[in-house]
Structure formats: C-alpha cells, structure tokens
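A short write-up of the structure that comes next.
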Amino acid sequence: MGPQRGELLRSELGISTFEDLLYHYPYRYFDRTQLSKIGHIDPNAEYIQVAGILVNIFEEGRGPKQRLVATLYDETGRIDLIWFKGASWIKRSLKENERYIVFGKVSLFNGQYNIPHPEIEAWNSETAIAGMQPVYPTTEKLRTKGITNRSFAKLTSALFDKVNLTEISEILPANILSEYKLCQRAQAIKWVHFPDSEEHKQAALYRLKWEELFASQLMIARIRMQHTIQQGLRFDTVGDNFNDFFKKHLPFALTNAQKRVLKEIRHDTATGKQMNRLLQGDVGSGKTIVAVMSMLLAMDNGFQACLMAPTEILAQQHYESVGKLLEEMQIPVALLTGNIKGKERKEILKGLADGSIPLVVGTHALIEESVQFKNLGLAVIDEQHRFGVGQRARLWSKNDVPPHVLVMTATPIPRTLAMTLYGDLDVSVIDELPPGRQEIRTVHRHESHRSRVMEFIKTEVNKGRQAYIVYPLIEESEKMDYESLMAGYEQVKIWFPEDKYRIAMVHGRQDSALRERNMQRFVSGDAQILVATTVIEVGVNVPNATVMLIESAERFGLSQLHQLRGRVGRGGEQSYCILLTGNKLSKESVQRMRIMVATTNGFTIAEQDLAMRGPGDLYGTRQSGILKFKLADIVKDSAILEQTRNAAIQMVAEDPGLIKPQHQALKHSLLEQSHQSHWSKIS
Ligand code: ADP
Ligand code: MG
C-alpha cells in the first residue's frame, strides 16, 4: 500500500500495522446464499439482501436535495436504490449493466419500495469465498479515496499470504479452550475474515467474542479482588438500635426482598472487608427503610452513618422520613445541605466531628473538605447516577479505613449491563413491591384526545389529588422545547384558571432557589398541578399525586418514562399515567408506548430498553468506551458474557496475579489493552 493510502488508513481507522489490520474484523458478511428475489421482498424484514443488474444510474435534484438513484433488477422485479449523501462519488464507483449484491433496509415511498443508502458490492468471483464475503467497517472518506470494501478484503487476504498463521499466538490457556470448546486464535482470525462455511464463521465469532468479553470480565474480576483485600470496618454486633427498631418501631412488616437485602448487608459488613454494594429496587420498592436499618447497624457498632441524596429536596424528604422513623427512639439525625449556613452549620460540623451526631442526611455538602466525621462507618448514596465515581472516592477518604458503601438506585440495570458496568460491585435487588400497592393504570392517548385527558385530570384534582404535567426538554432542541413548555403552561392555565386552581412550574432555566420553592409548593400540597420538565424525574415523593401526564411521550426513552411514572402511585389511591403523543408515530414509538401500557415492571422495561436501543445509548455509557466491543454485543451475547464472567472469577481466584506460566500470554495481552481502555474510570 502506498504512503498516501497508508496514512489514510492510519488517520481514519487507526490501522498502521499488520496486527491492526488483522484485528480489523468484518462486522458482517454478504452471504450469497441468502438472497431475496426482488419481486418477493418482505417489506417487514429488518434487512434484506438482493442481487441483480444495475441500470439507470442518475443524479436528481440540486444542492441539499441532490441525490443519486439507481435501479436494480432481477428476473422477478426491480427496486430503486437511493443515496442522499455522497452522490457523485458513489456514482463514479458504480457501473451500469453490471451485477451487484445489495444489502439494506427497505422503505416505502410514494407506494414504491426502495432501499436508501444500501451496502452495495460488485458480484465478482474474486473476493467471494464459498458465498461468504466480508463487509468491513470503514468511513466515507476512505470510500471516496477508493479504499473500498474489496480493498480491505484484498489487503487482508494478501496479509494472510505473508504471515504464517503460527505467528498468531494463542493467549487463552488450554483448559479454557477445551472447557468452552473454543477454536484456536489464529484459526479464528483467519475464519473471521474469510469463513469457508457458516459453521466456521460461527466458530470464529464465538471464539473472538469470548476473548473480548473475557478480557473485560478478567479486568473487572481483578478490580473486585482488590476491593476484597481492602481492609474494612467490622460490624460484628446487631445491637439495641437495630433490634429495638425492628421489634418496636417498624411501621410495617418488611417484604421478603427487604429482609434478604438486609441480610446481605449484614453479612458484608461483618466480614472485615469493605462493602461495595449496589442496591437496585424499582421506584417505591422500599429502599429507604433498608438504608435506615443499615445505618442503625452502623450505630450499634459505634460508627456514624450518612445518607447522601442528589438534590436539596430529596435530602430534605429523606431527612423528614428518617426523622419520623426514628422519632420515638430519640436518635438525633442531622440535615446538612448547601442551604444550611452560619451557626446551624457550625454546630452540625462540630457534632459530626465529635461524634455526638450519629446520623446525618445531606447532599454533596457532605463530602466537602470542611466536613469531618469522628468515625464514619457507612455511607449510603441514593440515586447513584447523579454521583460520579470521584465523589464516592471522596467519601472513602472521610475515614482511615474506608467506610462501607451502599449505593441505591431506582434505575434498574439489566443484569448483562450490570455485569459489565458495575461488575466490581456486589448487587442486591429488591424485586418485590410492598403489599397492597395499587398498580398504576397507564394509557396511551393521541393529541386528538387532549380535551378528554384534561377533563379527566380536572376530576382528579377536584377530588383533592395532585397532578404532574411533564414536557420534554432535550438539549439539542432546547429552545423549541422551552417554547412549547411555556405554551403548554399557558394552555394548562386555560384549563385550570388561576382563580380556582394553583399551578406551579419547575424547569432547568429557573435559578435553583426559585425551582426549589416551586417544587416545595407542590410537595407541601399547596400547588395542585406541577408543570415541569424532567427535572422532577428522580426520587420525589408526593403520595397525594395520582396523575402523571407526559406530553410528547414519544420523545422520551423507556427508562425515562418509567422513572416519571414512578412519581405517582405512592399513596393509597388509584393512580394514572397518561402518555400523550402526536397522532403519527414511528414504529419504535408505538412499541415503546405498548411496552409502557403493558407492564409496570422496571426490570422488564430496562431489558426491553436495552434490546431496543442497544447498550451504547444507555446510562451515558456511549462516551465511556467501557461497552465498546468490536464483535461482542452484551445483549445478544449474554450467554457468552455469563461464561466469561464465571471463567474470569475462577481464574482470578486460582491465580490472582496471573503469574502462572499458562497465563503469561493472556496477561501480556491484557496489559496492552488496558493502555487503550478506560478501566480506571469504572466504579
Ligand atoms: P424507594 O425504593 O422508591 O426509595 P421508599 O423507600 O420511598 O421507596 O418507599 C416507598 C413507600 O413504601 C414509602 O411510603 C414506604 O414507607 C413504603 N414502604 C416501604 N417498605 C414497605 C413495606 N415493607 N410495607 C409497606 N410499606 C412499605
Ligand atoms: Mg427513594
């Protein structure tokens, strides 16, 4: 390859060595045996592959509307291929009256099927290997410079002529290869580029995905190992505070799930190792009581405990509910937030430093430098996704021996994702709601039903209940969203005139004091309706609120819709969630609405969300690189993920430092990889 094209490969794809090229795997294959006839295309199939002769290549329109159209025909029919971008260079690369194989998504326009931006490849025997032709990830720029899919195939094929397969050394130990029936690495790499059969292709993919996932699980297992050798505080007694509370002051019987989680926490904190536990429980599942009882356990062992919430309002609410629970036991609980200043603040700081305050609830204010504890034994963090890893680390430094950490989240994380993202934390799950909860009724209504929806809200409000009306506010369309929020607010005021109803509004453009004040008006029951953006999403508890109206619901993701819905159904009354959407919806939006109407189970929803959107977009992980695998997909390959996790745990248990000779190749390869990834950032 000449220096210019070489430089392009380097700058576009980071390929500069033979090894880089070998590891530049195809992401799919044109399988020439799997062809649809153009006349019998299934328009509902996600993707289709057809082959035929290309004719009528021409450019249409001008400027931004310019596009390239070409027609592909076989003996059963014809279909248009359309490119909206890069028309001229694609045109140059195509030849009329030649045979092509085409892969893409069918769409319907003006009653005719077409394939927008298909993958297209000339049908020649040169690159086809037993019907399977690799398709490589590439960039538009490379294509315009003539480095096509076929160029990659040629390069790689030439490379295999040059290198001896035995130079590609095995990194997995023999016992793993045999236990999991994995083919040799060199073989897999050859087959992944040029499979000579479906069977070999599968074997290669399985082996290479396994290797990728195993590498990540092995790193997690090693971080986890480091946690477990980290010395921790020992809570070896269950004393009066815990027992008194359990026997005399519990306002209800614990659910089995709550009991189980408490047992897990008691077990962890008694081992003498630091606890790092993630507690997942759907909204309303009763995580607070678990936190409170864990804090009592810390007290019983002579330690202080803190509960940290992401916002002032949540801290305030926690403070009140913890205070109420412990009222009769006369345990002092302090509140420390940014709003608490002057003398009051000084006294709290003093009480924390001398140990006279055993329990404290607060916000980020708790981790400021000036806050010193006498002996912090347990830190509970509510709603983990608002707290960064660095902040957790600062909590640790509040004691010579790091306190136990319990992170609570109402955002259920599918197991596969948890294994990858939080694999170093132990996970507890409250998978059971307290008894007697009424299921929230969820309906999907179109814009044309708006007046009936508003009438319904009115009847609820007139019964003395409260309602949320939530608008989307997305960064990319912030200005327009803000305008529609304001327009919506005006609309709501027409339905609920100010001389009869009290409405509060909160959104991100208000300064935080005003926002808090408005929110507080709703929390206290003064305002009957809260018009809001998603700033109310997390944790707020207003049991009297029975209606959640979500405007433009099609613009929210599933997990977000579920979080919002969780704001109602927290009291004894029947609650309702109304998903209001435009009249015309995409297929995916319809599916999301269906799922929301069909289930209130957060885990089911999280799984579906993950399956629909893929892991990349969820939980802000897109940029983190943690979930970037070349071949593996943690949703589709969850079975492999499970295997690699087990294998990794076993390997680290047997050889924590990976010092055995059979683990050297692996260790070497991991070290190389860890320079390029982001492992230090997790948890
Ligand atoms: P979340 O998990 O969303 O933080 P909370 O801890 O706020 O849930 O609990 C939600 C509501 O359920 C609270 O009003 C709480 O008092 C109540 N609750 C919690 N556990 C039980 C239980 N075992 N039986 C009955 N009610 C419970
Ligand atoms: Mg909560």
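Remember, it's 1-based here, ligands and their atoms both numbered in the order they're listed. Values in this document were obtained by computation on a predicted structure and should not be read as measured data.
- Selection from T288, L254, N256 by nearest heavy atom to atom 4 (O) of ligand 1 gives T288.
- In terms of protein heavy atoms, atom 14 (O) of ligand 1 is closest to N541 ND2, 4.7 Å.
- For atom 22 (C) of ligand 1, the closest non-hydrogen atom on the protein side is F252 CD1, 3.3 Å.
- Taking CZ of F522 as the start and CD of Q466 as the end, the distance is 4.5 Å to the nearest 0.5 Å.
- For atom 12 (O) of ligand 1, a protein heavy-atom neighbour is present inside the 4.0 Å cut-off.
- The nearest protein atom to atom 2 (O) of ligand 1, hydrogens excluded, is given as K287 NZ, 2.8 Å; this is a heavy-atom distance.
- Looking at Q258 next to ligand 1, an N or O pair under 3.5 Å apart turns up.
- Residue-ligand proximity, R570 to ligand 1, at heavy-atom distances under 4.0 Å covers atoms 3 (O), 7 (O).
- Aromatic ring centres of Y576 and F456 lie closer together than 6.0 Å.
- Stacking of R266 on the aromatic ring of F242 is recorded, both the 6.0 Å distance cut-off and the 45° axial limit being met.
- Side-chain atoms of S575 come within 3.5 Å of backbone atoms of G569 as a donor-acceptor pair (strictly under, hydrogens ignored).
- With no hydrogens or angles considered, no side-chain donor-acceptor pair links N256 and E432 at under 3.5 Å.
- Here H404 and F235 bring their ring centres to under 6.0 angstrom of each other.
- Under the 3.5 Å distance criterion, with hydrogens and angles disregarded, a donor-acceptor pair is assigned to the side chains of S356 and D354.
- Two residues are said to be in side-chain contact when any heavy atoms from C-beta on lie closer than 4.5 Å; L336 and V371 meet this criterion.
- For ligand 1, the atoms lying closer than 4.0 Å to a non-hydrogen atom of T255 are 23 (N).
- Some N or O of G286 is nearer than 3.5 Å to an N or O of ligand 1, by distance alone.
- Taking a cut-off of under 4.0 Å to the non-hydrogen atoms of A253, the atoms of ligand 1 that pass are 22 (C), 23 (N), 24 (N).
- With hydrogens left out, the protein atom closest to atom 17 (C) of ligand 1 is R437 NH2, 3.8 Å, a heavy atom.
- The N/O atoms of G284, backbone and side chain alike, include one that comes under 3.5 Å of an N/O atom in ligand 1.
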